[in-house]
Structures are given as structure tokens and as C-alpha cells.
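The chain is numbered in sequence order, starting from 1. We count ligands from 1, going down the list as the structure has it; atoms in each ligand are counted the same way.
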Amino acid sequence: MESVSHIEGLNRRFGIPGAAQIVPGKGGLPVVRITGPAAHADVSLYGAQVLSWRPAGAEEVIFLSGRSHWEPGVPIRGGIPVCFPWFGNKVDDPKAPKHGFVRTREWRLDSLRPDDDGSVTLVCLTSSDDSTRAWWPHDFLLAYRIRIAQTLRLELSMVNRGSSPIRFEEALHTYFRVGRIQDAFVSGLDGIAFLDKTEGFREKRQSGDVLIAGQTDNAYMDTEGPVEVVDGSLHRRLRTEKLHSSSTVVWNPWRNGAATLSDFGAEEWEHMLCVEAGNVLRGAATLAPGEEHTLRATISVLPQ
Ligand code: TA6
């Protein structure tokens, strides 16, 4: 999609020899490729979407579909899509793009910096314009700070640039790569109330770990605590710690759900599990004019 000169220009301005480059990704979409000593990662500027993260000495942590579409206007399947300013369908407009409009926009790269500890941090920006106002009549600035190291720290900051309060939903829709979904479960949600989307958002309460034995689409409410994907096949735990995030979503489409999605390979659903830090449904955030709100998720890989 992008011209080679646009990507070369970004690389001249932001590239860090031996640690970070801007390269043409699939479909020509610009990708920031990090090759620092602490971790390797790919971040697409289209959607500001982390596509890959591999801490030094560890296997790939993030699932990316081999059947994803790579075209403007279509979301990338896998990685860490940023959902904003609504989650799922827009309540008052079924024609609006699912999960909002920022995952299908090219974000501006604002900075790319290495640190003495081997980490690399990039900041991507996007803001309201006529195309966003057509869907959502608010003025905002989003700054997304991604710190790539042995841990992955994601900070999504929303600034209300308008003159009245804004209510919005947001989520870091993380697709974790798992060895085999049947051997994985999520801990950290015992006793938490959730809305089960597979049953019309019926409210239930979690008892014990979240075992995935069929299509699962649960939005856990009023929970700021850490959650872990415990993966018995890859013998590791993927831990997400959250700040200013009152909801955690757990999703796997299972065989039947994946079959309805054109961008999932036949058996790929067995190798992914989404655990998403956010503020969604009745946990939506409200921000006064001029105020800033930062959602943070910090992901680390631990032995099982
Ligand atoms: O986070 C769970 C969810 O909202 C599910 O309901 C599911 O459909 C998924 O996200 C993927 O949405 P997408 O629009 O990317 O197909």
C-alpha cells in the first residue's frame, strides 16, 4: 500500500542501526522491526498493531493468522489490535466498523528510542479528523507507547480535546499464541462476574480457572487484577498485569466460530487465545475535557 519512499523516509528519520528499522510488511504496510538484545518484535503502523514479540531466549508469544488480510480498511487478524472508541459492535450504529476505527488507520510514528537496558520504546499517535467524526463526534488524541523488552509494556493514552465529557470503550485485544488450546487455561478470574457474549451477554460468575472447552467470549467486569494464560503444551505462563483497566475479555472462537471467519486458517483457532485488557461495556471510561486517561498492560513470560 505504502510507497517505498514513504517507508524509506520513516527509516531515515527513525531507524536505529542494529536495533530498529522500518520495513515494508505484508501488503506493503509499514512495519517497525525491533531487533534489540532484549527482544525481537514487529509493530505495524497500520493499526499500531503489535504483530510479533519474542523476548530473548523465548519462543514467539503472539499469534498472527497465516490467513490474515493485509489491505487498507480491513483489520489484521492476530497480533494486538487496538479497539477504540467502542468495543465489538457500536451500540447505536450496526454499520459502524467493529471494534472502532483506529485498528484500520495508519498511525503516525512519533518516536523510536533505545534504552541502556536493551529495551526499545516507540510511540505512535492518531487523532480525530473528518473521517473519525463521521462515525463518532468527538475530538481526541491517542498516544500509544510500546516498550519492547523481556516484558512488553503497552500504554494507550487518550486525551479529550473536546469541550464536553467523552465516554469511550477501549481494549488491547491481545492474541496469545498457545501450543494447543485444549491444554491452556486462564487463571486470575475466580469469583469475578462476567458477561457471556455467546449467550446474549448473560451475566455469570467465574468459578475457578477459565477452561476453554468450546466457543468462549467472556467479558469479565470490575477486575483490575493480573491474569495468566497457563499453557501446558509450551510449558509457560503468559502474565498480563493491568493498570486503569476494569475489564478483561477472554475469547476463543473454537472450530465453529473460526469457520465463519475468512481470515482464520482451518486449525489456527487451536493455537490462539485472546486475553484482553480494557474498559468495555458497562466498564467504559469517561473523560472530562482536557483530561488524559492511560490504560496499561504489561505482559511477561514465566515458566509454568
Ligand atoms: O474480543 C472478543 C470479540 O469481541 C469477539 O466477540 C470476537 O468476535 C472477536 O472479538 C473478534 O472480532 P473481530 O472484529 O476482530 O472479528
Enumerate the atoms of ligand 1 whose separation from the nearest heavy atom of [X] is less than 4.0 angstrom.
{"X": "Val249", "answer": "1 (O)"}
{"X": "Arg103", "answer": "13 (P), 14 (O), 15 (O)"}
{"X": "Glu276", "answer": "1 (O), 2 (C)"}
{"X": "Phe87", "answer": "1 (O), 4 (O)"}

Nearest protein heavy-atom contact for [atom]: which residue, which atom, what distance?
{"atom": "atom 5 (C) of ligand 1", "answer": "Asp217 OD2, 3.0 Å"}
{"atom": "atom 11 (C) of ligand 1", "answer": "Trp251 CH2, 3.6 Å"}
{"atom": "atom 8 (O) of ligand 1", "answer": "Lys98 NZ, 3.0 Å"}
{"atom": "atom 16 (O) of ligand 1", "answer": "Arg77 NH2, 3.0 Å"}

Residues [X], [Y]: salt bridge by 4.0 Å N-O rule:
{"X": "Arg180", "Y": "Asp183", "value": "yes"}
{"X": "Glu267", "Y": "Arg255", "value": "yes"}
{"X": "Lys242", "Y": "Glu224", "value": "no"}
{"X": "Lys90", "Y": "Asp92", "value": "yes"}

Rounded distance [0.5 Å steps], CG in Asn256 versus CD in Gln215
5.0 Å
Does some side-chain heavy atom of Ser131 sit less than 4.5 Å from a side-chain heavy atom of Arg105?
yes
